[in-house]
Structure formats: C-alpha cells, structure tokens
Amino acid sequence: MTRKRSPRLLVKQPGRLIVQYVSFVLLFYPTAYQPGEACATVAEEGGTSAATLILCRACGHELAHGTDIHFVPSRLALSSRNDTLVEGRRVNIQLFENPHGHQFEVITFRKADVTQHWPADKHFSWFPGFSWTVATCPRCKTHLGWAFQPSDWPDTITKTNFDESEHTFLALITHRLLREDFASSLLMTPKSFMS
C-alpha cells in the first residue's frame with residue numbers, strides 16, 4: 001500500500017526537505033561542491049565586492065567580506081594560481097603542504113571574524129618571518145586556517161592588536177569557505193510550492 005504525503009506534512013518539515021534537496025544536489029551534481037570554486041572562482045557568476053560575504057561552509061557564520069581578501073605571497077607555496085573575477089578582481093590561491101603531508105589550498109585575508117588559538121608557533125611556517133596559530137570558526141569551532149603574525153612579536157597577543165596591525169593576516173582554507181551568493185544559489189523553492 002502506497003502512502004501519500006499531504007502538502008501540509010511537507011510544510012511542517014521544511015528543514016528535512018531542504019536537507020534532502022541539498023543532499024540530492026551534492027550527490028547528483030558533484031560540481032556544486034568544488035573545494036576552491038565556491039569561494040574563489042566566480043568568473044562567470046559575479047565578483048567579490050564589499051557586499052559579498054565569505055561564510056563558514058560548516059555553519060554559515062559570516063567571516064569576512066570579499067574586499068578583505070589580501071594577497072600575501074610565499075616562496076614556500078607548492079603552487080599558486082590566480083582566478084580572475086568580474087571587474088578585474090583577482091584572487092590568488094596558494095597550495096601548501098604541512099609536515100604531515102596534508103595539502104591545503106588557501107586564500108589570504110587581511111582580516112576575518114575567526115578565533116585565534118595562541119600561543120603562536122615559529123616552526124614550520126609557510127610564510128618566512130611569520131609565526132602562526134590555528135584559526136577556527138567562532139560559532140562551530142571548525143578549523144578554517146591559520147593566523148600569521150611577525151615572528152618577532154610575543155607568542156601571545158590580544159585579538160585587538162592582531163586585528164589593528166597591518167603586519168598580520170590570515171590564510172583560510174578554500175574548501176572550508178563559501179560565498180554567500182553561491183550558498184543562496186544552492187537552495188531553491190520547488191515548483192510545486194510556488195503559486
């Protein structure tokens with residue numbers, strides 16, 4: 001015997017329907033989840049402007065604006081590529097490898113709303129002359145990347161000192177970020193719900 005679901009039942013469980021839809025999209029359209037593309041490669045879709053928000057992919061927390069992206073080159077990068085965006089905005093993505101052999105593609109930011117976990121470590125820095133500390137999402141605690149400060153600074157500093165300095169920056173992992181406009185394009189209202 002087949003059981004029909006009433007439209008009323010679907011309206012009472014919109015969260016479940018959205019989760020099923022997103023799972024369907026990611027399963028049958030794997031290009032919807034490309035590690036660097038959701039955040040960085042928007043050549044045909046749009047650019048990073050002051051209005052573009054960069055979000056934590058895990059929880060949607062607003063981390064930064066598109067204008068906070070600030071390229072900091074490193075000679076220790078395994079590779080580096082530029083993605084040219086609309087209005088000529090270019091985003092440089094660098095590939096690094098940690099001592100354990102794990103590779104990360106990162107975008108450097110001047111500032112972002114992340115939690116830094118001091119003390120900073122001077123060893124194995126991808127940016128010579130800088131020490132690093134882990135950076136996590138303040139809401140869900142997901143590891144998003146690393147915060148870098150000059151090596152001659154004290155190992156522990158205040159968040160205010162970090163944020164106000166022109167000598168500090170963050171390297172955030174591309175596949176742990178999401179552009180707000182890309183995130184909103186993943187969700188749509190089914191035709192059956194439209195009047």
Side-chain angles (χ1 to χ4, degrees), residues 15-16 18-27 29-42 45 48 51-72 74 77-78 81 83 91-121 123-127 130-149 155-163 168-187:
R16 183 175 175 194
I18 289 171
V19 169
Q20 288 175 341
Y21 176 75
V22 171
S23 299
F24 170 81
V25 168
L26 293 177
L27 180 63
Y29 299 99
T31 56
Y33 180 76
Q34 291 294 326
E37 290 184 20
C39 179
T41 59
V42 290
E45 297 176 15
T48 53
T52 301
L53 287 172
I54 309 297
L55 311 174
C56 170
R57 182 180 289 276
C59 72
H61 179 72
E62 296 175 2
L63 299 170
H65 290 90
T67 54
D68 294 328
I69 295 172
H70 174 72
F71 176 55
V72 179
S74 173
L78 300 176
R81 65 182 165 92
D83 287 321
V91 174
N92 191 288
I93 299 174
Q94 299 178 85
L95 176 67
F96 293 100
E97 185 174 272
N98 71 11
H100 301 288
H102 299 281
Q103 294 186 349
F104 300 93
E105 280 193 327
V106 300
I107 299 173
T108 50
F109 288 79
R110 167 64 195 94
K111 62 181 179 177
D113 182 21
V114 297
T115 302
Q116 292 102 339
H117 299 273
W118 283 285
D121 191 341
H123 301 95
F124 307 113
S125 179
W126 293 330
F127 296 89
F130 289 88
S131 52
W132 58 273
T133 186
V134 172
T136 61
C137 174
R139 181 188 293 165
C140 69
K141 311 302 183 224
T142 296
H143 174 227
L144 296 174
W146 301 267
F148 290 86
Q149 66 190 47
D155 290 344
T156 304
I157 61 170
T158 64
K159 183 166 175 51
T160 305
N161 288 347
F162 185 92
D163 291 341
T168 58
F169 63 94
L170 298 116
L172 302 182
I173 305 166
T174 58
H175 74 272
R176 301 211 178 137
L177 306 176
L178 191 65
R179 276 190 359 261
E180 180 184 42
D181 55 339
F182 182 82
S184 63
S185 73
L186 292 176
L187 301 176

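Only heavy atoms go into these numbers, but all of them, side chains included; no hydrogens, no water, no symmetry mates. These numbers come from a predicted model, not from an experiment.
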Could I get the full list of ring-ring contact (aromatic ring centres under 6.0 Å, His included) partners for [X], not counting sequence neighbours?
X      : answer
His117 : none
Phe148 : Phe127, Phe169
Trp118 : none

Main-chain N/O of [Y] paired to [X] side chain as donor or acceptor, under 3.5 Å:
X      : Y      : value
His123 : Ser125 : no
Arg110 : Asp163 : yes
Trp126 : Glu97  : yes

### Task
Output all residues satisfying salt bridge (Lys or Arg N to Asp or Glu O under 4.0 Å) with Lys111, sequence neighbours left out; order by chain, then residue number.
none

### Message
For Asp113, give me all partners under salt bridge (Lys or Arg N to Asp or Glu O under 4.0 Å), at least two apart in sequence or on another chain.
### Response
none

[atom2] on [Y] to [atom1] on [X], rounded to 0.5 Å:
X      : Y      : atom1 : atom2 : answer
Glu105 : Ile93  : CD    : CD1   : 5.5 Å
Gln149 : Thr156 : CD    : OG1   : 8.0 Å
Glu180 : Leu63  : CD    : CG    : 11.5 Å
Leu172 : Ile54  : CG    : CD1   : 9.5 Å
Ile173 : Trp146 : CD1   : CH2   : 4.0 Å
Phe109 : Leu144 : CZ    : CG    : 10.0 Å

Can you name the nearest heavy-atom pair linking [X] to [Y], along with the distance?
X      : Y      : result
His61  : Cys137 : CB-SG, 3.8 Å
Arg176 : Thr142 : CD-CG2, 4.2 Å
Leu170 : Ala112 : CD1-N, 3.6 Å
Val114 : Ala135 : CG2-CB, 3.9 Å
Cys59  : Arg139 : O-NH1, 3.1 Å
Leu78  : Gln103 : CD1-NE2, 3.6 Å

### Query
Can you find a heavy atom in the side chain of Arg57 that is under 4.5 Å from one in the side chain of Leu177?
no

### Query
With Asn98, which residues qualify under side chain to side chain donor-acceptor pair (under 3.5 Å), at least two apart?
none

